Protein chains: 2
Amino acid sequence: MTATPVVSLSNIKVACQNCSLASLCLPMGLAPADVDKLEAIVKRSRPLRRGDHLFESEHKFRSLFAVKTGSVKTYTLGPDGNEQVLGFHLPGELLGLDAIQSDVHRCSARVLETSSVCELPFERLEELASHIPTLQHQLFRLLSKEIGQDTDMVALLSRSPAEERLASFLLSLSERYQRRGFSAKEFILSMSRQEIGSYLGLALETVSRLFTRFQEDGILRVDRKHITILDLERLRKVIAHQTNCDQQAQGPN
Amino acid sequence: MTATPVVSLSNIKVACQNCSLASLCLPMGLAPADVDKLEAIVKRSRPLRRGDHLFESEHKFRSLFAVKTGSVKTYTLGPDGNEQVLGFHLPGELLGLDAIQSDVHRCSARVLETSSVCELPFERLEELASHIPTLQHQLFRLLSKEIGQDTDMVALLSRSPAEERLASFLLSLSERYQRRGFSAKEFILSMSRQEIGSYLGLALETVSRLFTRFQEDGILRVDRKHITILDLERLRKVIAHQTNCDQQAQGPN
DNA sequence: ACGCCCACTTGACCTAAGTCAAGTGCCCCG
DNA sequence: CGGGGCACTTGACTTAGGTCAAGTGGGCGT
C-alpha cells in the first residue's frame with residue numbers, strides 16, 4: 001500500500017483508473033499512461049461533511065476540485081450579505097474554473113451533504129497539460145463547456161418565467177443523475193428551496209408554489225426533498241415555451 | 001483625405017506586434033518571439049459591415065475570433081424565433097469560446113457596425129499552445145475570465161432590479177472603453193434599446209424609461225445613441241444596491 | 001421520546017416591470 | 001429634398017412574482 005505523503009485516505013483504493021466517473025471527468029479520453037500521470041498529482045481528502053468548505057471567496061486559488069461523491073454548491077455573498085447561489089455540482093463536475101484568471105477564488109464552495117472530492121493542484125495540472133496535448137484539449141473543452149452552461153443560464157434567467165426555470169432545473173438534475181447511473185426520474189434534492197430560489201432568481205415561496213403546482217398537475221410527486229418525475233414529457237413541454245395559449249381550447253374561464 | 005485619427009484601414013501594417021490591443025488580447029504577456037509564432041497563424045479579413053456574420057449557430061467551429069475594431073453581438077434564437085442577445089464584444093475581446101466544447105457554434109455573432117476581426121484557427125492555436133506554456137496559460141486565463149464574466153451576469157440577472165442592470169451595463173461599457181483608450185464618460189452605443197433589453201432581460205420600453213430617468217436624475221445625458229456619463233459616482237451607487245435608506249450615518253447630503 | 005427549530009407551505013396583498021398602444025422624430029432612400 | 005419607416009419615447013393598464021405573515025410538520029439534539 002503506497003502511502004500518499006500529503007493526505008492519505010487509509011484504505012480505499014481510489015484511482016482515476018477505476019473511478020466510475022472517469023468518463024465524465026478530467027481523464028475522459030486520455031490514454032491509460034496519461035491517466036497515471038494525472039493520477040499522480042491528484043490529492044484525495046477524507047470525506048467532507050455538510051457545511052464544509054472546499055474553498056472560500058477571496059482566498060488564493062491553488063487547485064481545481066472534482067466532486068467524487070455527494071454535491072457541492074458555489075455561491076457568493078452580495079453586498080447586503082445575502083447569499084447568491086451560482087451552481088450545484090454533482091459527481092464528475094469540476095469547481096474553481098473561474099479562479100484561474102484572477103488567482104483568487106471568486107466564489108465559495110460548500111458541500112451540501114457528505115461528499116468526497118479530488119483536488120487538482122492547478123500549476124501541476126498546467127505543467128502536465130503542456131506535455132499531454134489530449135489533456136490540454138480536455139481542459140479547454142471543460143472550460144468551454146462551463147461557458148456554454150453559464151450562457152444557457154443567462155438565457156434562462158433573462159427570458160424564462162418561473163415555471164420554465166424550475167422545469168429546466170429539474171430536467172438538468174435528471175439528466176445529470178442519469179449520466180451518472182442514477183435514476184432520471186427519482187432523486188433527492190440536496191439543496192433547500194431557498195437555495196434553488198437563489199440559483200433560479202426566484203423567491204423561495206415561488207419555488208414552493210411551483211412544486212405544489214407541478215404536483216397538482218401530475219408532473220411530479222414531491223415529498224419534502226424527494227422528487228419523483230411522473231411525466232417527463234410534460235416537464236419538457238413546460239420548458240419548450242408552453243405557448244399552448246391558442247393551441248387547444250383550454251376551457252371556459 | 002480621411003481624417004480618421006484612430007485607424008486607417010487600408011494601409012496599416014497589421015500585426016499583433018504593433019496592435020494597440022496586444023496588451024488586452026491573446027498576445028498579452030507573450031515573449032516577442034512567441035507573438036511572431038502566433039502572428040503566423042492569424043488570419044485577417046477585410047472589414048466587415050453592419051449585419052455581417054462572423055459565424056452562425058450550428059455551424060462547424062473552426063476558429064476563435066478577436067475583435068480588432070468595431071463591435072460584435074452574440075445571440076441565439078429562441079424556439080419562438082425571437083433573439084436572445086448573449087453579449088456585446090469590443091476590440092480585444094475573443095468570441096467563440098463556448099464552441100470549443102462541442103465543435104459547433106452555440107450562438108451566432110453579428111457585427112453591429114463596420115468592424116475588423118482577427119481569425120484564430122483553433123487547431124493551430126492549440127498546437128501552438130502545447131509548445132508555448134505562456135500561451136497555454138493565457139488561453140486558460142481567457143476562458144476562465146469568460147466564465148467569471150458569465151457568472152457575474154448570472155448574479156446580475158438573478159438578483160438585480162432593472163435600474164441596477166442598466167447601470168452595470170453602462171459601467172461595464174465605460175470601463176471597457178477606457179481600457180481601450182477611449183473616453184470612459186462618453187461613447188456611442190452601437191446596439192439598439194431592443195438589444196440592450198434582450199441582453200439585460202428587460203423590455204425595450206423599460207430600457208428607454210431608465211435612460212430617461214437616469215437623465216432626469218442628472219446621472220447621464222442621453223441623445224439617441226450618444227451617452228455621456230455626467231455622474232460616474234452616482235451611477236456606481238445605483239449598482240451598490242442603493243439601500244441608502246437606513247444605512248449608517250453617511251451624513252445628510 | 002419529546003419538543004423545539006427551521007424548512008417549507010399557503011394565503012393575501014403589493015409592486016416592478018411587462019404589454020399594449022399611441023405618438024414623435026431621425027435617418028435613409030428615392 | 002421630401003416621404004416613410006423604424007427606433008425610440010411615453011402613457012395606461014395588467015400581471016407575474018415578490019413580500020409579508022401565519023401556520024404546519026419533520027428531523028435533530030438532548
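Computed over heavy atoms, backbone and side chain alike; hydrogens, waters and symmetry mates excluded. Chain identifiers are assigned alphabetically (A, B, ...) following the order of the sequence lines, protein sequences preceding nucleic acid strands; residue numbering begins at 1 within each chain. All values reported here derive from a predicted model rather than from experimental measurement.
Spacing between atom CD1 of A:I196 and atom C1' of C:dT9 amounts to 14 Å, rounded to whole angstrom units. In this structure, A:E164 places its CD atom 15 Å from C1' of D:dG17, rounding to the nearest Å. Taking atom CG of residue B:L166 and atom P of nucleotide C:dA17, one finds them 11 Å apart after rounding to whole Å. Between A:R159 atom CZ and C:dT19 atom P the separation is 13 Å, expressed in whole Å. Per the geometry, CG belonging to A:L204 stands 12 Å off P belonging to D:dC20, to the nearest Å. Atom CZ in A:R193 sits roughly 12 Å away from atom P in C:dA7 (whole-Å rounding). Atom-to-atom, CG of A:L112 to P of C:dA7 comes out at 13 Å; the value is rounded to the nearest Å. What separates CZ of B:F214 from P of D:dC8 is a distance of 17 Å, to the nearest Å.
Applying the 3.5 Å distance criterion, the base of C:dG18 shares no donor-acceptor pair with the side chain of B:R209.
The phosphate of C:dA7 has neither OP1 nor OP2 within less than 4.0 Å of any side-chain N or O from A:S192. Dashed line: the shortest gap from a side-chain N or O of A:S208 to OP1 or OP2 of C:dC8 is not under 4.0 Å. Between B:K225 and C:dC26 there is no side-chain polar atom (N or O) within less than 4.0 angstrom of OP1 or OP2.
A donor-acceptor pair shorter than 3.5 Å cannot be found between the side chains of A:Q84 and A:T76. Side chains of A:S102 and A:R106: no donor on one and acceptor on the other come within 3.5 Å. No side-chain donor from either of A:S108 and A:E56 sits under 3.5 Å from a side-chain acceptor of the other.
At a threshold of 4.0 angstrom between heavy atoms, the contacts of B:L202 are confined to the sugar-phosphate backbone, with no base atom among them. The residue B:G197 sits apart from the nucleic acid: no heavy atom pair falls under 4.0 Å.
Residue-to-nucleotide proximity on DNA chain D shows that, of B:T212 and A:G201, the 5′-proximal contact is made by B:T212. Nucleotides of DNA chain D nearest to A:R224 and A:A203 differ in position, and the one nearer the 5' end is that of A:A203.
Annotation: B:F182 is not in aromatic contact with B:F187 [ring centroid separation under 6.0 Å not met].
Closest approach to the B:E205 side chain among D:dG17, C:dT10, C:dT19 is made by C:dT19 (side chain taken as heavy atoms from C-beta onward).
A salt bridge links B:E195 with B:K73: the distance from a Lys NZ or Arg NE/NH1/NH2 to an Asp or Glu carboxylate oxygen falls below 4.0 Å.
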